[in-house]
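In what follows, a structure is listed as structure tokens, so that the remarks can point back to it.
Just so you know, these numbers come straight off a predicted model, no measurement behind them.
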Amino acid sequence: QVQLMESGGGSVQAGGSLRLSCEASGYTYGSYCAGWFRQAPGKEREAVAGFDSDGTTMYADSVKGRFTISKDNAKTTLYLQMTSLKPEDSAMYYCGASGMYMTPCTVVAERGGMDYYGKGTLVTISS
């Protein structure tokens, strides 16, 4: 049974940094599409950063140059380093992962999206 558990959220002032973690059990972040999403109140969930099935990293335009996605050598933990945080980055952050081996994220999206999500960690940025 796959479980994803996020941690590292919190409240910081604009310009600050946070590092989110997503620990997986029953799953490894290998040749799978996986990444971070966020959802602010009243808004739809959006993709923030991810690894494609070939290891390529992807970032939303709004976070490029500020956020960095990585994973540990054991490929059981996904990280999101967030710097130069802005109030508009405030949201619930979720990690998501696909169960389709070596399937590009574009295909994963066409087939209904990620198979697994964590419960989220809240990030609040004050101005």
Using distance only, find each side-chain donor-acceptor pair of residues 108-123 under 3.5 Å and give its atom names and separation, not counting sequence neighbours.
{"residue": "Asp115", "atom": "OD2", "partner": "Gly99", "partner atom": "N", "Å": "2.6"}
{"residue": "Tyr117", "atom": "OH", "partner": "Arg45", "partner atom": "NH2", "Å": "3.4"}
{"residue": "Thr121", "atom": "OG1", "partner": "Gly9", "partner atom": "N", "Å": "3.0"}

Exercise. Restricting to pairs with a member in residues 6-23, which pass salt bridge (charged side-chain N to carboxylate O under 4.0 Å, His left out), not counting sequence neighbours?
Worked result: none
Exercise. For the residue pair Phe51 and Tyr32, is the inter-centroid distance of their aromatic rings smaller than 6.0 Å?
Worked result: no
For this session: Consider only side-chain heavy atoms of I, L, V, M, F, W and Y, link residues closer than 4.5 Å, and tell whether Trp36 and Val12 are in one cluster.
Result: yes
For this session: Check whether any side-chain N or O of Asp54 sits under 3.5 Å from a backbone N or O of Thr56 as a donor-acceptor pair, and report yes or no.
Result: yes
Problem set entry | Point-to-point distance, once rounded to the nearest 0.5 Å, from OG of Ser25 to CE of Met5 | 7.5 Å
Exercise. What residue pairs, at least two apart or across chains, pass side-chain hydrogen bond (donor to acceptor under 3.5 Å, both in side chains) with a residue in residues 93-107?
Worked result: Arg38-Tyr93
Exercise. How does the hydrophobic cluster around Met58 look, that is, which other residues are in it when side-chain heavy atoms under 4.5 Å mark a link?
Worked result: none
Name every donor-acceptor pair, under 3.5 Å, that has one atom in a side chain of residues 70-84 and the other anywhere in the protein, sequence neighbours excluded.
{"residue": "Lys71", "atom": "NZ", "partner": "Tyr29", "partner atom": "O", "Å": "2.9"}
{"residue": "Asp72", "atom": "OD1", "partner": "Lys75", "partner atom": "N", "Å": "2.9"}
{"residue": "Asp72", "atom": "OD1", "partner": "Thr76", "partner atom": "N", "Å": "2.9"}
{"residue": "Asp72", "atom": "OD1", "partner": "Thr77", "partner atom": "N", "Å": "3.1"}
{"residue": "Thr83", "atom": "OG1", "partner": "Arg66", "partner atom": "O", "Å": "2.7"}

Exercise. So if you build clusters from Ile, Leu, Val, Met, Phe, Trp, Tyr with side-chain heavy-atom gaps below 4.5 Å, do Leu20 and Tyr27 land together?
Worked result: yes
Exercise. Can you name the salt bridge (Lys or Arg N to Asp or Glu O under 4.0 Å) partners of Lys64, sequence neighbours left out?
Worked result: Asp61
For this session: Working to the nearest 0.5 Å, report the span between OG1 of Thr57 and CG of Asp52.
Result: 10.0 Å
Problem set entry | CE (Met92) with more than 12 external heavy atoms under 6.0 Å | yes
For this session: Would you indicate whether the side-chain heavy atoms of Phe67 and Leu85 approach each other to under 4.5 Å?
Result: yes
Exercise. So which heavy atom on Pro87 is nearest to which on Ser127, and how close?
Worked result: CG-CB, 3.9 Å
